[in-house]
Each structure stands twice: as C-alpha cells, then as structure tokens.
Amino acid sequence: MKKMISLLAILCLTLCASISSFAMDSTTLLNNPERYRVLSTQPDGIVYVDMDSLNGLQTMDFPNSLETISCTLYVEKYNSTLDAMAIQRNKTIRQINEYTAEFHADKVKGVYTISPKLNQIYTAKGQPYSVKVDTIQWNHPKELFINLFRLSALHKG
C-alpha cells in the first residue's frame with residue numbers, strides 16, 4: 001500500500017512539473033490552428049486565443065446584455081526590424097506574450113472592456129524571457145470581443 005501511495009505521489013509531482021514547465025513557441029501556434037485561432041492582427045503582432053481555455057458567462061435577459069468571456073491569449077510580437085534577412089532567417093517573431101484575459105461586454109450600454117494579466121513571456125522558440133515588460137496596447141475591445149464571441153460559437157458547434 002505504501003508503494004502505491006508513493007508511486008501516486010511521484011506521478012502527481014511529475015504531472016505538476018510538466019504542466020508548469022509548458023512553454024509556448026511559434027511553431028506550436030502555427031501548427032495547431034484548430035486550438036490556437038487568430039483573434040486579431042495588429043501592426044506589431046498577432047493575437048491568438050487558446051480555444052481550449054474559453055469560458056463564458058451570459059445573462060438570461062434579452063438580448064443577453066451582460067457577458068464575460070475568459071481565455072488564454074498568446075501575442076506574437078514582431079521584431080522591430082523586418083527586412084529580407086530577418087524573413088530569410090525566420091527571425092520575424094521577437095517574443096510571445098501569454099495572457100489570462102477577461103472580456104466584459106455590456107451590450108445595452110455599448111461598453112466593452114478587456115482585463116489582461118501578463119503571465120509569461122517566451123522567445124519564438126519557447127524559452128522563457130526573464131524580463132516581464134508589457135508593451136501591448138489593447139485597442140478596439142469591441143472588435144476583439146466580437147471576434148472572440150464568434151470563435152466561441154464556432155468552438156461549441
């Protein structure tokens with residue numbers, strides 16, 4: 001019995017270590033379009049949503065006036081210099097920012113907000129950056145919410 005409990009404890013520790021050491025890289029985002037969907041493109045990067053992380057809450061009143069959607073976002077930031085050499089060497093992506101985000105919508109008042117929390121920053125190859133400087137400007141929350149709402153409906157289908 002002690003051996004079984006010890007084995008179970010070791011398996012739990014191994015599982016927790018593997019989950020916490022998960023790093024996002026650019027190849028994973030590109031090779032899994034069914035899970036990592038493009039939510040928006042920006043002049044300095046691309047915003048992906050992890051479809052497996054989508055959670056939503058909606059009021060029952062007509063026309064479902066209050067809604068909250070939470071998810072994990074990955075933002076690929078382009079290098080500041082995008083020349084022919086950077087493209088040829090596949091060095092177009094400088095970093096990948098991972099966010100836990102909540103989108104809030106009051107559809108009656110027309111108020112849309114985003115509450116992003118920066119979790120981690122990775123290189124394009126998936127190594128963690130030691131610096132955590134958030135330089136993303138979250139413009140156009142209504143458009144982001146509508147795109148996310150449409151993707152969540154697609155995900156349920």
Side-chain angles (χ1 to χ4, degrees), residues 15-16 18-84 86-87 89-157:
L15 180 62
C16 290
S18 67
I19 289 172
S20 65
S21 66
F22 174 73
M24 181 52 67
D25 60 13
S26 194
T27 305
T28 303
L29 289 171
L30 291 174
N31 289 339
N32 297 297
E34 67 283 348
R35 179 169 178 186
Y36 303 107
R37 300 273 178 140
V38 174
L39 179 62
S40 173
T41 58
Q42 307 293 330
D44 61 344
I46 302 171
V47 180
Y48 293 88
V49 61
D50 182 354
M51 297 296 285
D52 291 348
S53 70
L54 283 177
N55 287 314
L57 178 65
Q58 192 174 69
T59 60
M60 295 299 289
D61 63 338
F62 184 78
N64 299 326
S65 60
L66 299 174
E67 185 164 3
T68 300
I69 299 175
S70 61
C71 60
T72 302
L73 299 176
Y74 295 97
V75 181
E76 283 188 325
K77 299 287 290 178
Y78 297 134
N79 271 323
S80 54
T81 56
L82 287 177
D83 55 6
I87 293 171
R89 292 185 176 175
N90 198 19
K91 300 216 181 252
T92 55
I93 304 300
R94 178 180 73 238
Q95 68 189 48
I96 300 170
N97 296 2
E98 178 185 310
Y99 294 90
T100 302
E102 286 189 3
F103 292 80
H104 307 281
D106 185 339
K107 298 172 193 166
V108 173
K109 295 179 183 176
V111 177
Y112 297 84
T113 59
I114 305 169
S115 301
K117 177 185 168 259
L118 180 63
N119 295 332
Q120 183 65 37
I121 298 177
Y122 303 103
T123 65
K125 298 200 185 258
Q127 290 88 20
Y129 265 156
S130 58
V131 234
K132 281 195 170 185
V133 178
D134 190 6
T135 60
I136 306 288
Q137 298 296 319
W138 296 96
N139 300 328
H140 312 293
K142 182 177 180 179
E143 287 81 3
L144 289 171
F145 178 85
I146 291 170
N147 289 344
L148 188 62
F149 181 80
R150 293 185 69 214
L151 285 174
S152 68
L154 175 69
H155 186 58
K156 292 175 189 173

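Bear in mind the structure is a predicted one, so any value in this text is a computation, not a measurement.
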Find the distance between CG (D50) and CZ (R37) and round it off to the nearest 0.5 Å.
-> 11.5 Å
Look only at the side chain of N147 and the backbone of L39, and say whether a donor-acceptor pair between them is shorter than 3.5 Å.
-> yes
Report yes if some heavy atom in the side chain of E143 is under 4.5 Å from a heavy atom in the side chain of S40; otherwise report no.
-> no
Ring-ring centroid check Y99 W138, cutoff 6.0 Å | yes
CD of E76 to CD of Q95, rounded to nearest 0.5 Å, is 11.0 Å
Is any side-chain heavy atom of V38 closer than 4.5 Å to a side-chain heavy atom of V49?
-> no
salt_bridge(D25, K125) N-O dist < 4.0 Å = no
Sidechain-backbone polar pair: S53 side chain, T72 backbone, donor-acceptor under 3.5 Å = yes
Heavy atoms only: give me the nearest I96-S26 pair and the separation to one decimal.
-> CD1-N, 3.4 Å
Would F145 and Y112 count as a close aromatic pair, with their ring centres under 6.0 Å?
-> yes
Side-chain heavy atoms of Q58 within contact of L66, under 4.5 Å = no
Distance, nearest 0.5 Å, that separates OG of S70 from NZ of K117 = 13.0 Å
Could you check E67 against T59 for side-chain hydrogen bond (donor to acceptor under 3.5 Å, both in side chains), going step by step and ending with a plain yes or no?
-> CA-CA 6 Å; E67 185 164 3; T59 60; over 6 Å; no
For A124 and I93, the nearest pair of non-hydrogen atoms, with its separation, is CB-O, 3.7 Å
Give the C-alpha distance, both sets of side-chain angles, the deciding distance and a yes or no for side-chain contact (heavy atoms from CB on, under 4.5 Å) between D106 and T113.
-> CA-CA 9 Å; D106 185 339; T113 59; over 6 Å; no
Do N55 and I69 have side chains that get closer than 4.5 Å, going by heavy atoms?
-> no
Between CG of D44 and OH of Y78, what distance do you get to the nearest 0.5 Å?
-> 8.5 Å
Between OG of S152 and CE of M51, what distance do you get to the nearest 0.5 Å?
-> 7.0 Å
Close side-chain approach of I121 and E98, heavy atoms under 4.5 Å = no
Show your working on side-chain contact (heavy atoms from CB on, under 4.5 Å) between Y48 and L30 and close with a plain yes or no.
-> CA-CA 10 Å; Y48 293 88; L30 291 174; 3.6 Å; yes
Is there a side-chain contact between F103 and I146, using heavy atoms and a 4.5 Å cut-off?
-> no
Using the ring of F149 (Phe, Tyr or Trp, six-membered ring only), decide whether K107 places NZ or CZ under 6.0 Å from its centre and within 45 degrees of its axis.
-> yes
Do other residues, nucleotides or ligands put more than 12 heavy atoms under 6.0 Å from the CD atom of Q127?
-> yes
How far does OH of Y74 sit from CE of M24, to the nearest 0.5 angstrom?
-> 4.0 Å
Just wondering, do L118 and P116 contact through their side chains at under 4.5 Å, heavy atoms?
-> no
Do I114 and L144 touch side chain to side chain, with heavy atoms closer than 4.5 Å?
-> yes
Check: K77 main-chain N/O paired with R94 side-chain donor or acceptor under 3.5 Å = no
